[in-house]
There are 2 protein chains.
Amino acid sequence: MKKTSLKDIAQQAGVSTALVSYVLNGKEKETRVGEAIAHKIREIAKELNYQPNHLAKSLRSGKTYTIGLIIADISNPFFANIARVVEDEAKKNGYTVIIGSCDEHAEKSWDLLNVLINRQVDGFIIVSCEGSESQVHYLKERNIPFVLLDRHFPEIQTDFVATNNYKASYDAGIHLIQSGYSRIGIMAYKSNMYHMEERVRGYKHALRDNHIEFRDSWLKEVHFESMDSEVKTAIDEILASEQRVDAMIFATYGLAINALKYINELRLKVPSDLAIVSFGQAEVFDLYYCPITYVRQPLEMLGKTSVEFLLEKLKTPDEGMKQILMEAKLIARESSKPKPAALSG
Amino acid sequence: MKKTSLKDIAQQAGVSTALVSYVLNGKEKETRVGEAIAHKIREIAKELNYQPNHLAKSLRSGKTYTIGLIIADISNPFFANIARVVEDEAKKNGYTVIIGSCDEHAEKSWDLLNVLINRQVDGFIIVSCEGSESQVHYLKERNIPFVLLDRHFPEIQTDFVATNNYKASYDAGIHLIQSGYSRIGIMAYKSNMYHMEERVRGYKHALRDNHIEFRDSWLKEVHFESMDSEVKTAIDEILASEQRVDAMIFATYGLAINALKYINELRLKVPSDLAIVSFGQAEVFDLYYCPITYVRQPLEMLGKTSVEFLLEKLKTPDEGMKQILMEAKLIARESSKPKPAALSG
DNA sequence: AAAAACGGCTTAATCGTTTAAACAAAAAAT
DNA sequence: ATTTTTTGTTTAAACGATTAAGCCGTTTTT
């Protein structure tokens with residue numbers, strides 16, 4: 001039972017494939033196909049349950065209506081959700097998305113890029129990982145349309161859609177300070193990715209603007225790959241420092257999860273022993289005995305806009321760069337509630 | 001800067017495209033291509049950074065090396081993770097995966113199916129949703145290879161890879177009983193999906209085998225779509241029943257998350273006020289103030305095996321059905337620790 | 001010496017579409 | 001009555017690969 005093709009319909013109708021193609025693509029008007037025959041063709045197509053072969057279409061047209069979505073880490077619920085949004089938005093526009101996770105490895109990202117290029121995706125949406133600058137340059141050179149999502153490289157001119165991480169982190173810091181905390185630590189990934197640097201920078205400026213002297217021992221940078229062990233060490237150290245912190249910002253969801261587990265092991269009470277603000281939304285933060293204050297990034301908007309940008313780029317490739325920074329929102333919960341001492345002070 | 005094709009290489013080398021194809025596909029021996037020319041072709045290919053066009057290959061060969069993965073609910077971390085496993089395993093075998101989530105809607109599932117069929121995927125791996133039997137029949141009729149994953153229809157002969165839900169649920173019940181709980185409730189989705197029925201059946205049999213009389217008020221079935229509100233009502237009711245339960249089994253991860261939030265609101269202590277066992281693994285269960293006992297399904301094996309089955313089916317379509325039920329494992333934690341009273345009794 | 005085999009290459013059909021160009025017949029304009 | 005226009009249709013090339021079949025010298029076999 002082979003799939004029915006244009007040819008089959010043409011044969012049954014006793015016409016050429018051209019007519020069938022015209023009719024089934026709604027071009028009967030422009031190409032002046034006869035009423036009767038057009039009707040007949042549609043009937044037969046329905047009867048034979050004709051489904052066009054996308055491969056052939058794409059080969060001919062050079063368009064696959066497929067978007068490659070390369071994500072730095074799909075196990076992160078933030079990215080998983082953003083992937084969903086992208087998929088939905090793309091589907092609405094008749095595009096299919098092929099998702100790949102590079103698990104924060106630039107090499108894997110190269111592989112994915114090549115696989116997807118071979119599959120002739122029309123363009124890419126990319127959550128870049130560290131060390132993938134060359135890939136971005138490659139895409140630019142090859143003139144392959146793409147939009148960077150959530151993370152971008154300030155030194156490379158590209159389209160991008162991202163969060164204002166500096167501001168988000170600054171806000172997180174201010175919030176803690178206003179809640180009465182003054183010795184505030186931050187845990188981030190050891191990385192020279194811009195979004196991560198911005199988060200640290202925002203935090204530092206929040207301290208500075210409130211005349212709190214930043215101390216090196218308050219900044220803990222851990223490696224993504226060995227997060228499990230390094231987080232524990234980092235927590236131990238940051239709590240042992242002579243100026244013991246009374247609050248912490250976690251620059252990512254993954255860090256927060258890991259740290260909270262350890263904090264539980266240590267029997268530390270949140271927020272009385274340690275207040276917490278974290279990046280990244282997830283159900284988990286509702287479920288923790290003390291609901292975690294978190295920075296909510298505009299997930300839906302980020303995803304939607306990235307698709308929008310890309311589709312526009314596909315339509316009119318020569319329009320200028322589109323770049324946007326969106327504001328995150330701090331959701332204040334119990335884990336950073338005003339320090340009792342601060343109320344009277 | 002067009003992509004380089006076989007033709008380009010052929011022109012540069014001054015030969016026909018046939019030779020280029022032979023060489024680049026490693027068929028130079030069988031097709032007796034001259035040493036020198038073969039070498040030259042390879043050089044030029046490298047120089048022009050030739051990347052074969054997958055569309056053309058697929059159109060010609062009828063194979064896309066693409067698998068369609070249709071998932072009932074990708075926002076469930078269990079399925080998200082299984083998707084990752086499937087993707088990885090497929091990639092290892094040179095296949096690309098196109099993932100789609102139908103969000104538990106049979107209609108959306110139909111759409112996805114059609115989109116992917118048009119894209120000529122070689123086969124499907126499907127986590128079915130309720131009411132999608134007709135789709136399974138359709139695939140069978142059309143002779144499109146597929147494997148059902150995690151959920152299957154006992155009345156339809158298909159390949160499938162799933163968990164032994166009956167056993168898993170039975171074990172969960174036994175575990176609670178042995179820990180001293182005797183009034184055990186269960187919350188499940190209102191659904192006639194087999195996997196859900198099996199979970200309820202296993203639970204009931206655990207009670208029966210321990211001479212505990214099952215009470216209708218202990219079984220709470222809620223609708224997936226209106227879960228948020230129904231879960232609360234269900235919890236209220238199950239706690240108000242004359243024989244108030246002292247333990248609960250949650251048949252899915254989503255139910256557990258929802259219920260735990262409400263249980264927190266009610267200031268119920270786990271496990272002293274209510275012991276808990278849940279299906280589905282996730283970091284969350286480590287993070288809850290009282291680590292949740294859960295049924296760990298063999299996620300990696302499920303995913304891997306489903307790919308294996310499908311690839312075998314693609315190779316030798318006429319081999320018989322492959323069906324496998326895998327055993328889950330109960331991970332006992334604090335949320336179901338032995339009841340103090342039970343220790344002395 | 002003729003026939004067969006081999007080595008090295010090209011030709012051309014094919015996969016399923018799209019679409020510009022050509023064509024023929026009918027209708028309209030001159 | 002001829003030319004032009006319009007209408008409805010077919011032809012065939014193209015997308016980029018694969019591959020059976022063909023071709024033509026050279027070498028080997030008989």
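Any value given below was found using the heavy atoms of this structure, including those in side chains, with hydrogens, waters and symmetry copies removed. Chain A is the first sequence line, chain B the second, and so forth, proteins listed ahead of strands; every chain is numbered from 1.
- Between the side chains of A:Thr66 and B:Arg119, at least one donor N or O lies within less than 3.5 Å of an accepting N or O.
- In this structure, B:Asn53 places its CG atom 5 Å from P of D:dA17, rounding to the nearest Å.
- Between the side chains of A:Ser109 and A:Gln135, a donor-acceptor pair is found at a separation under 3.5 Å.
- Look at B:Ser5 and you won't find any side-chain N or O under 4.0 angstrom from OP1 or OP2 of D:dG16.
- In the set C:dC9, D:dT10, D:dG16, C:dC9 carries the atom at the smallest distance from any side-chain atom of B:Ile37.
- For B:Leu59, taking side-chain heavy atoms from C-beta onward, the closest of the listed nucleotides C:dT10, C:dC15, D:dC15 is C:dC15.
- A donor-acceptor pair under 3.5 Å links the side-chain atoms of B:Thr305 to the main chain of B:Met301, judged by distance alone.
- Rounded to an integer number of Å, the gap from B:Ile9 CD1 to D:dA17 P is 8 Å.
- A:His152 and A:Phe160 have parallel rings, their planes meeting at less than 30° on a 0 to 90° scale where 60° marks the start of perpendicular.
- For B:Lys140, the NZ atom sits in a packed shell: over 12 heavy atoms of surrounding residues, nucleotides or ligands are nearer than 6.0 Å.
- Stretches of at least 3 consecutive Watson-Crick or G-U wobble pairs, with each checked distance under 3.5 Å, appear in DNA chain C as C:1-30 with D:1-30.
- Checking C:dC9, D:dT10, C:dT17 against every side-chain atom of A:Leu6, the shortest atom distance belongs to C:dT17.
- Listed here is the closest heavy atom pair of B:Phe79 and B:Ile74: O-CD1, 4.3 Å.
- Judged purely by atom type and a 3.5 angstrom limit, A:Ser132 uses its side chain to pair as donor or acceptor with the backbone of A:Cys129.
- Protein atom CG of A:Asn118 is 13 Å distant from nucleotide atom C1' of D:dG16, rounded to whole Å.
- Distance, B:Lys63 NZ to C:dG16 P: 16 Å, rounded to whole Å.
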Dump every N/O contact between nucleotides 19-26 of chain C and the protein below 3.5 Å, one line per pair.
from: C:dT19; atom 1: OP2; to: A:Lys27; atom 2: NZ; distance (Å): 2.8
from: C:dA20; atom 1: N6; to: A:Tyr22; atom 2: OH; distance (Å): 3.1

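- The stretch residues 42-51 of chain A has no heavy atom under 4.0 angstrom from DNA chain D at all.
- One atom, CG of B:Leu55, and another, P of D:dA17, lie 10 Å apart when rounded to the nearest Å.
- Under a 3.5 Å cut-off, the side chain of B:Thr64 and the backbone N or O of B:Gln120 do form a donor-acceptor pair.
- Two residues, B:Ala56 and A:Gly34, neighbour DNA chain D, and the one matched to the more 5' nucleotide by heavy-atom proximity is A:Gly34.
- As rounded to whole Å, 15 Å separates atom C1' of D:dT19 from atom CG of B:Leu24.
- In this structure, the CG atom of B:Asn25 is 7 Å from the P atom of D:dT19, given to the nearest Å.
- Side-chain contact annotation: B:Gln297 with B:Thr163, donor-acceptor N/O pair under 3.5 Å present.
- Whole-Å rounding puts the A:Asp8 CG to C:dC15 C1' distance at 13 Å.
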